[in-house]
Colleague: 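Structure below; questions to follow.
Quick note on labels: first sequence line is chain A, next is B, and so on, each numbered from 1.
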2 protein chains.
Amino acid sequence: MSPSITLERITALLRQKGYKLTRQRRAVLQVIVTSHDHMTPSKIHEKVQKIDPSVGLVTVYRTLEILTGAGLICRVHTDRTSRSYLLRRPHGHHHHLICSDCGRVVDFTDCNLHRLEKRLAAETGFRTEDHILEFFGCCSLCQETAATKEEDRA
Amino acid sequence: MSPSITLERITALLRQKGYKLTRQRRAVLQVIVTSHDHMTPSKIHEKVQKIDPSVGLVTVYRTLEILTGAGLICRVHTDRTSRSYLLRRPHGHHHHLICSDCGRVVDFTDCNLHRLEKRLAAETGFRTEDHILEFFGCCSLCQETAATKEEDRA
DNA sequence: ATCCGAATTGAAAAGGATTTTCAGTTAGAT
DNA sequence: ATCTAACTGAAAATCCTTTTCAATTCGGAT
Ligand SMILES: [Mn+2]
Ligand SMILES: [Mn+2]
Ligand SMILES: [Zn+2]
Ligand SMILES: [Zn+2]
């Protein structure tokens, strides 16, 4: 079992990489660590401003770039125009189950695409090096909520 | 074997849907039908202008929207900021093998993710409804090119 | 072949996301 | 406490995409 990603662990890693731990960065980190949803830079900024209204959107962008470079956050792939980020919880290769209702993301690590990759290589001559895989749907919490509403109506 | 997607077939379908077949739209269609690469609106515009320099970028965007609505083109999911489109060759649900060297896209239809979806539903309670799956790598042509260069050096 | 009206067009402006610039501020080593 | 490179916010610049609007064009009706 790998250790969970805590604020302390992240700040230690950033400090180790030579980054300063500013008031602004702490606020951005706090927002990201305490959320299970994927969030756009703008949404993160909105939440950060509740902690510290003086933090600018540009600083959010800059912090997200650092965190991406350090492998501490993931981007989720959606059809939206703006990017969307999330704390990287599993350390290695993994994928996301994204709730279309609430934005919650559940991670999974075992995608088992080797067989498919091998078949495609044989059929098309294509040598695969990487892949994107994201599932969209409804998380268990939102299913419960929907079920409860259904009951109330009865 | 489903019939191949020809320019005639597409224009017939658009006309049937009540769209006018303008000079500009014909140019955009020609560019898309004759390419196996995914292309950004800007790249498409560039190619369209070689056929007809008077066509504006805005018209390319508008035509892409119509073609998307009619299910005649696909978007590919990459890390780039701008969108990228491609003629939709398989009719139904399918995915892409995208060459990182030349941009060529090879389609495949049989993703076989049902088992994985079932396992994830059992493990996480998540009910999946849709997914994105794209492979990145090197197409057979670019592998040959690379191999030839390697030989020449010897 | 000509006419007509709605659909379509290009140019320009607006919009939205992200990046760059720059002068002032600050974290953290000494 | 001092110092300096790293960091910051505001504003401007860049991209990509959409909207607006007056002029043009397609294609059905004459
Ligand atoms: Mn992730
Ligand atoms: Mn496709
Ligand atoms: Zn949910
Ligand atoms: Zn290639």
Colleague: B/L57 has a side chain; which of D/dT17, C/dA6, D/dA6 sits nearest to it?
Modeller: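 Between D/dT17, C/dA6, D/dA6, the one nearest the side chain of B/L57 would be D/dT17.
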
Colleague: Counting just side-chain N and O atoms, does A/R15 come under 4.0 Å of either OP1 or OP2 of C/dG28?
Modeller: yes

Colleague: Identify which nucleotide among D/dT8, C/dA6, C/dA17 has an atom closest to any side-chain atom of A/T81, counting heavy atoms from C-beta outward.
Modeller: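 Per side-chain heavy atoms of A/T81, the pick is C/dA17.
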
Colleague: Does B/H91 offer a backbone N or O that forms a donor-acceptor pair with the side chain of B/R88 under 3.5 Å?
Modeller: yes

Colleague: Taking for each residue the nucleotide of DNA chain C bearing the nearest heavy atom, is the 5' side occupied by A/Y85 or by B/Y19?
Modeller: B/Y19

Colleague: Donor-acceptor pair, distance only, cut-off 3.5 Å: does the side chain of A/E129 make one with the backbone of B/S100?
Modeller: no

Colleague: When you compare the side chain of A/H77 with that of B/D79, does any pair of heavy atoms fall below 4.5 Å?
Modeller: yes

Colleague: Calculate the interatomic distance between B/D79 atom CG and C/dA17 atom P; express it in whole Å.
Modeller: 19 Å

Colleague: Nearest to the side chain of B/S82 - D/dT17, C/dT18, D/dA5?
Modeller: D/dT17

Colleague: Whole angstroms only, please: what is the NE2-P distance between A/H45 and C/dA17?
Modeller: 13 Å

Colleague: Give a yes or no answer on whether the side chain of A/R25 reaches the backbone of A/K20 with a donor-acceptor pair at less than 3.5 Å.
Modeller: yes

Colleague: So, does A/R83 get its side chain near the phosphate of C/dT19, meaning an N or O under 4.0 Å from OP1 or OP2?
Modeller: yes

Colleague: Whole-Å distance between D/dT24 P and B/D52 CG?
Modeller: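 It is 17 Å, rounded to the nearest whole Å.
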
Colleague: Could you state the atom-to-atom distance from CD of B/E65 to C1' of C/dT9 in whole Å?
Modeller: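 The answer, rounded to whole Å, is 15 Å.
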
Colleague: What nucleotide, of D/dG27, D/dC7, C/dT8, holds the atom closest to the side chain of B/L21?
Modeller: D/dG27

Colleague: For B/P41 and B/R23, find the nucleotide of DNA chain D closest to each by heavy atoms; which residue's nucleotide sits nearer the 5' end?
Modeller: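 Upstream on the strand: B/P41.
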
Colleague: Please confirm whether the ring centroid of A/H93 lies under 6.0 Å from the ring centroid of A/H95.
Modeller: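 So the answer is yes for these two rings.
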
Colleague: Write down the distance between CD (A/Q16) and C1' (C/dA27), rounded to a whole number of angstrom.
Modeller: 18 Å

Colleague: Does A/Y61 make a side-chain N or O approach to OP1 or OP2 of C/dT18 shorter than 4.0 Å?
Modeller: yes

Colleague: Toward the 5' end of DNA chain C, which comes first, B/T22 or B/V58, by nearest nucleotide?
Modeller: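 Result: B/T22.
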
Colleague: Tell me what A/R62 touches on the nucleic acid: a base, only sugar-phosphate, or nothing, going by heavy atoms under 4.0 Å.
Modeller: base

Colleague: Just checking B/S54: base, sugar-phosphate only, or nothing, at a heavy-atom cut-off of under 4.0 Å?
Modeller: sugar-phosphate

Colleague: In whole angstroms, how far is the P atom of C/dA27 from the NZ atom of A/K20?
Modeller: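 So the two atoms are 8 Å apart, to the nearest Å.
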
Colleague: Rounded to whole Å, please give me the gap between CZ in B/R25 and C1' in D/dG27.
Modeller: 13 Å

Colleague: Is A/H45 reaching over with its side chain to a backbone N or O of A/V55, donor-acceptor style, under 3.5 angstrom?
Modeller: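 Yes, A/H45 side chain to A/V55 backbone: donor-acceptor pair under 3.5 Å.
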
Colleague: What contact category does B/R26 fall into here, base, sugar-phosphate, or nothing, at under 4.0 angstrom with non-hydrogen atoms?
Modeller: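 Nothing, no heavy atom under 4.0 Å.
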
Colleague: Could you check how far CG of B/L14 sits from P of D/dC26, rounded to whole Å?
Modeller: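 Going from B/L14 (CG) to D/dC26 (P), I get 16 Å.
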
